[in-house]
2 protein chains.
Amino acid sequence: MEAFRDAILQMIKASKEELAVFLDLCHLKTFSKNEIALQPGTIPQEVLFIKSGLIRVIITDRDGNEHTIHFAMENQFITDYSSFILQQPALYSMQALETTEVVVLPRKAIEWGYKNLHEGEKMGRLVAEFYFIYQDNRIKNIYSRSPKERYEAITEVFPNIHQRVPQHMIASYLGITPVHLSRLKKSER
Amino acid sequence: MEAFRDAILQMIKASKEELAVFLDLCHLKTFSKNEIALQPGTIPQEVLFIKSGLIRVIITDRDGNEHTIHFAMENQFITDYSSFILQQPALYSMQALETTEVVVLPRKAIEWGYKNLHEGEKMGRLVAEFYFIYQDNRIKNIYSRSPKERYEAITEVFPNIHQRVPQHMIASYLGITPVHLSRLKKSER
DNA sequence: AGGGGGCGTTAACAAATGTTTAGACTCGCT
DNA sequence: AGCGAGTCTAAACATTTGTTAACGCCCCCT
């Protein structure tokens, strides 16, 4: 749980005691490769903190096509956060692309934290702000850069992604077809 | 300041006293039609709460093309929130499309609120969560729906927009050209 | 009242992106 | 060692979207 504790202490000050109680409300879990970490349609009851591995976030459109929305990697929190906050059925689905070890933060633990950690609400604010900024960046990129430019810049957001994720999933993340991405790479040379 | 007070009380409980102090740190301001409400490149020092009117949020790409990212309307908070949080130069620019009355929340007021309102941090969390959910919805839409579908659904997010905003700005928001939007409308009939 | 700028539509053409199909390659599994 | 599934590239063709230019309309400003 070391990296997880550090991630919290990077955001807020917390005494050993209160932190110990909080950590005690969480537990570890391991997803095997290709395992589904969140089933769409279910109401998310937990946030995951990734210790190792990689989770792909997917949305399925009306025609049944899957679109890759996000890759969650080491030291990131991940869930269908909107659905978690609103306690509504998830639209996203999440799939472990590698064997993935996570810390599970059940909703009860998080609510306990908001109320009982001295800076619990602040931690919630900082997490929400952090992921807001991430989303905002994506929107900036989508509006102001071409798929090709976004491809060239992708390692800024996801280092190692080319070693860890098949190219057609990257294409899906960029919002283009695998065939077209292959073409863009060719034209670049 | 009534609507503003209500917006706060909808999120958190606050005593009359602390709320009065907080409101006192804020002030009113009016932007005339077409006035720039935020200059890109400057570091945002305030959040605006719109009492009446409409502000368009714009990003300018490397080639100088403007892209409409958002329309902020009555009872919404608006600023370049990412840049505000990080205290970095704004990438967005904001333009009043109508005469627009706002409550100005200076950064000092917000920081005072986080520290001194009983539920100040919670308010910050709820605001960040609210705008996270908004961004997340946009991303879901962009990935899983065509421009045409998004056009047809736009009044869910921005009621009255057709009466208040020229069509070419809506096209820009949808990420397509005005000519193409015109074409889509035609094919719909 | 008149003029001019902004706006929406249309058409013709250009460029970008998707679709389908095929082939070659890798790599894990038996 | 060899099979098979998954993956990437490639080419040909289809569709979507952008670009440019022209026209008519409206309405805001003086």
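It should be emphasised that the depicted structure is a prediction, and the values quoted were computed from it without experimental measurement. The figures here come from the full heavy-atom set of this structure, side chains too, leaving out hydrogens, waters and symmetry mates. Each chain gets a letter, A, B and so on, in the order the sequences are listed, and its residues count up from 1.
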Which donor-acceptor pairs under 3.5 Å do side chains of residues 110-117 of chain B form with protein atoms, sequence neighbours excluded?
unit_1	atom_1	unit_2	atom_2	d
E111(B)	OE2	R107(B)	NH1	3.1
W112(B)	NE1	N116(B)	OD1	3.3

- Is the shortest side-chain N/O distance from K33(B) to OP1 or OP2 of dC29(D) below 4.0 Å? no
- Query: When rounded to the nearest 0.5 angstrom, what is the spacing between CG in N34(A) and OG in S32(A)?
  - Reply: 8.0 Å
- Message: Tell me whether the side-chain N/O atoms of K185(A) come closer than 4.0 Å to OP1 or OP2 in dT9(D).
- Response: yes
- Ring centers of H162(A), Y151(A) separated by less than 6.0 Å: yes
- Item | Ionic contact status for E74(A) with K51(A), cut-off 4.0 Å | no
- Message: Rounded to whole Å, how long is the line connecting atom CG of L181(B) with atom P of dT17(D)?
- Response: 12 Å
- Does any donor atom in the side chain of Y173(B) or H70(B) lie under 3.5 Å from an acceptor atom in the other side chain? no
- If you draw a 6.0 Å radius around NE2 in H118(A), do more than 12 non-hydrogen atoms from other residues or ligands fall strictly inside? no
- R183(B) has its side chain closest, among dT19(D), dT9(C), dT9(D), to dT19(D)
- Quickly work out the H67(A) NE2 to dG18(C) C1' distance and round it to whole Å. 13 Å
- Item | Protein-nucleotide distance (N34(B), atom CG; dC28(D), atom P), rounded to Å | 13 Å
- Task: Can you tell me the distance, in whole Å, between the CG atom of N65(B) and the P atom of dG18(D)?
- Result: 12 Å
- Item | Sequence-distant partners of E35(B), salt bridge (charged side-chain N to carboxylate O under 4.0 Å, His left out), two or more places apart | none
- Message: Without decimals, in angstroms, what is the distance between K148(B) NZ and dT17(D) P?
- Response: 10 Å
- Task: Quickly work out the K186(B) NZ to dT10(C) C1' distance and round it to whole Å.
- Result: 6 Å
- Message: Listing request: all ring pair (Phe, Tyr, Trp, His ring centres under 6.0 Å) pairs with a residue in residues 80-104 of chain A, at least two apart in sequence or in separate chains.
- Response: Y81(A)-F132(B)
- Message: With each end axis built from five pairs of C1' atoms, what bend angle do you get for the helix from dA1(C)-dT30(D) to dT30(C)-dA1(D)? Round to 10°.
- Response: 50°
- Query: Among residues 160-180 of chain A, which contact DNA chain D at a heavy-atom distance under 4.0 Å?
  - Reply: P166(A), Q167(A), H168(A), V179(A)
- Query: With E156(A), which residues qualify under side chain to side chain donor-acceptor pair (under 3.5 Å), at least two apart?
  - Reply: none
